[in-house]
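Okay, structure first, notes after.
Every value quoted in this text rests on a predicted model; they were computed, and no experiment measured them. Reckoned from all heavy atoms, side chains included, excluding hydrogens, waters and symmetry mates.
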Amino acid sequence: MTRTTPASTEYVLPRQLREGPAAEVLAAPAPPIPLLDGSFRLRTVDPDSADTELIAEWMRMPRLIAGWEQDWPTEKWYGHLKAQTDGSYSRPILCIFRDKPIGYLEIYRAAQDSIATRYAAEPFDLGIHAAIADEAMARRGFGPLLLPRIVSGLFDLESECWRIMFDPDHRNNEARRLCEHAGCAFLGEHRMSNRTMALYVLPRTPADVPGSPAR
């Protein structure tokens with residue numbers, strides 16, 4: 001599938017802070033993509049392929065609508081994905097299990113994101129949004145299995161990243177339990193322009209929690 005829609009140049013990522021962040025924040029490179037061993041791997045989404053239709057189809061699933069609220073037309077998803085691959089703020093990623101796509105991730109620079117207005121962000125902070133689309137995999141608990149491996153890979157690749165952020169909707173109990181299972185620190189509920197988020201941080205060390213004495 002090849003698209004020539006102008007959405008690739010006109011689409012604006014709604015959460016990206018384009019004005020206000022310091023120069024060192026905006027200079028951070030695109031987020032790295034962890035290498036996973038075994039049967040799992042991650043790869044960057046190719047918007048000009050069947051990836052776009054697959055992700056748009058996933059996001060129309062009722063349980064993903066509840067968590068993401070992005071049951072958009074395929075053309076809008078194309079713009080959203082292409083804006084990410086064209087820039088350095090975020091990377092759209094497919095999670096593959098034994099050559100089968102099972103989920104979608106966005107790894108983003110948290111200090112360039114709207115959540116940076118709610119905590120003491122540092123330039124190389126990363127954030128993760130994740131959805132396991134394959135229902136059988138979700139029921140088998142692949143989220144708690146995968147998350148620590150992804151986080152470990154990010155810390156290994158990004159030596160200047162001190163923490164990884166998560167911001168589920170405050171009503172998303174499944175995502176909140178996953179954050180707590182992974183050992184995240186809770187930074188409170190915060191009202192944003194379109195939702196109330198529950199903000200969590202997974203620090204490299206306990207001293208890297210925002211607001212700790214060492215920071």
Side-chain angles (χ1 to χ4, degrees), residues 13-17 20-22 25 28 31-32 34 36 42 59 63-70 89-93 95 103-133 137-215:
L13 294 165
R15 292 178 41 155
Q16 184 178 8
L17 300 178
V25 170
L36 304 181
L42 304 179
M59 292 299 170
R63 64 185 184 82
L64 294 190
I65 292 174
W68 283 67
E69 297 182 339
Q70 291 179 201
Y89 152 73
S90 179
R91 281 291 173 265
I93 297 165
C95 180
Y104 174 68
L105 304 171
E106 291 177 354
I107 301 177
Y108 62 95
R109 288 293 180 193
Q112 298 179 34
D113 187 270
S114 59
I115 68 170
T117 63
R118 299 297 190 269
Y119 82 104
E122 295 195 6
F124 285 82
D125 288 356
L126 292 168
I128 298 176
H129 301 139
I132 296 181
M137 294 289 186
R139 286 196 300 269
R140 291 165 61 186
F142 273 69
L145 172 68
L146 271 174
L147 183 60
R149 297 167 67 179
I150 293 170
V151 165
S152 177
L154 288 172
F155 280 138
D156 286 345
L157 290 170
E158 188 73 275
S159 61
E160 296 184 75
C161 174
W162 307 116
R163 71 276 291 236
I164 297 173
M165 309 301 297
F166 302 89
D167 63 317
D169 185 277
H170 72 293
R171 299 162 296 184
N172 190 336
N173 292 325
E174 181 180 354
R176 297 186 69 161
R177 285 193 297 268
L178 179 57
C179 290
E180 291 159 6
H181 174 81
C184 293
F186 180 48
L187 301 183
E189 294 184 359
H190 302 266
R191 182 63 193 167
M192 307 300 283
S193 62
N194 64 336
R195 67 193 178 106
T196 299
M197 70 171 176
L199 188 61
Y200 289 89
V201 57
L202 191 58
R204 186 182 288 270
T205 74
D208 296 314
V209 174
S212 69
R215 283 286 171 194

For this session: Would you please test Leu17 and Asp113 for side-chain contact (heavy atoms from CB on, under 4.5 Å) and show each step?
Result: CA-CA 5 Å; Leu17 300 178; Asp113 187 270; 5.8 Å; no
Exercise. How would you list, by chain and number, every residue that makes a salt bridge (Lys or Arg N to Asp or Glu O under 4.0 Å) with Arg195, sequence neighbours excluded?
Worked result: Asp167
For this session: Could you pull out all residues at least two apart from His129 that satisfy ring pair (Phe, Tyr, Trp, His ring centres under 6.0 Å)?
Result: Tyr108
For this session: Walk me through it: do Gln16 and Ser90 pass the test side-chain contact (heavy atoms from CB on, under 4.5 Å)?
Result: CA-CA 9 Å; Gln16 184 178 8; Ser90 179; over 6 Å; no
Exercise. Is any side-chain heavy atom of Val201 closer than 4.5 Å to a side-chain heavy atom of Ile164?
Worked result: no
Exercise. When you measure from the side chain of Arg149 to the backbone N and O of Leu36, does any donor-acceptor pair fall under 3.5 Å?
Worked result: no
For this session: For residues 178-191, pull every pair meeting side-chain hydrogen bond (donor to acceptor under 3.5 Å, both in side chains), keeping only residues two or more places apart or in separate chains.
Result: Arg176-Glu189, Glu180-Tyr200, Arg191-Thr196
Problem set entry | Flag, side chain of Arg63 to backbone of Ala133, donor-acceptor distance under 3.5 Å | yes
For this session: Check for a donor-acceptor pair, side chain of Asp125 on one end and backbone N or O of Glu122 on the other, with a separation under 3.5 Å.
Result: yes
For this session: Please name the pair of heavy atoms, one in Phe166 and one in Val151, separated by the smallest distance, quoted to 0.1 Å.
Result: CZ-CG2, 4.4 Å
Exercise. Do the side chains of Leu199 and Phe186 get nearer than 4.5 Å, heavy atoms only?
Worked result: no
For this session: Please lay out, stage by stage, how Tyr104 and Ile93 fare under the test side-chain contact (heavy atoms from CB on, under 4.5 Å).
Result: CA-CA 6 Å; Tyr104 174 68; Ile93 297 165; over 6 Å; no
Exercise. What are the two closest heavy atoms between Ala116 and Ala121, and how far apart are they?
Worked result: CB-CB, 3.9 Å
For this session: Give, for atom CZ of Arg15 and atom CD of Glu106, the distance between the pair rounded to the nearest 0.5 Å.
Result: 8.5 Å
Problem set entry | Spatial distance of atom CZ (Arg163) from atom SG (Cys184) [nearest 0.5 Å] | 12.5 Å
Exercise. How about Leu146 and Cys95: do any of their side-chain heavy atoms sit closer than 4.5 Å?
Worked result: yes
Problem set entry | Within-4.5 Å side-chain heavy-atom neighbours: Met165 and Ile115 | yes
Seminar exercise, completed: Residues Pro32 and Ile107: closest non-hydrogen pair is O-CD1, 4.0 Å
Exercise. Is the centre of the Phe155 ring less than 6.0 Å from the centre of the Trp162 ring?
Worked result: no
Seminar exercise, completed: Taking every heavy atom of Ala28 against every heavy atom of Pro123, the minimum-distance pair comes out as CB-O, 3.9 Å
Exercise. Taking side chain as C-beta onward, heavy atoms only, is Arg118 less than 4.5 Å from Met197?
Worked result: yes
Exercise. Is there a donor-acceptor contact under 3.5 Å from the side chain of Gln112 to the main chain of Val25?
Worked result: yes
Exercise. Roughly how far, to the nearest 0.5 Å, is CG of Asp208 from CG of Leu202?
Worked result: 10.5 Å
Exercise. Which value, rounded to the nearest 0.5 Å, describes the distance between Cys161 atom SG and Phe124 atom CZ?
Worked result: 9.5 Å
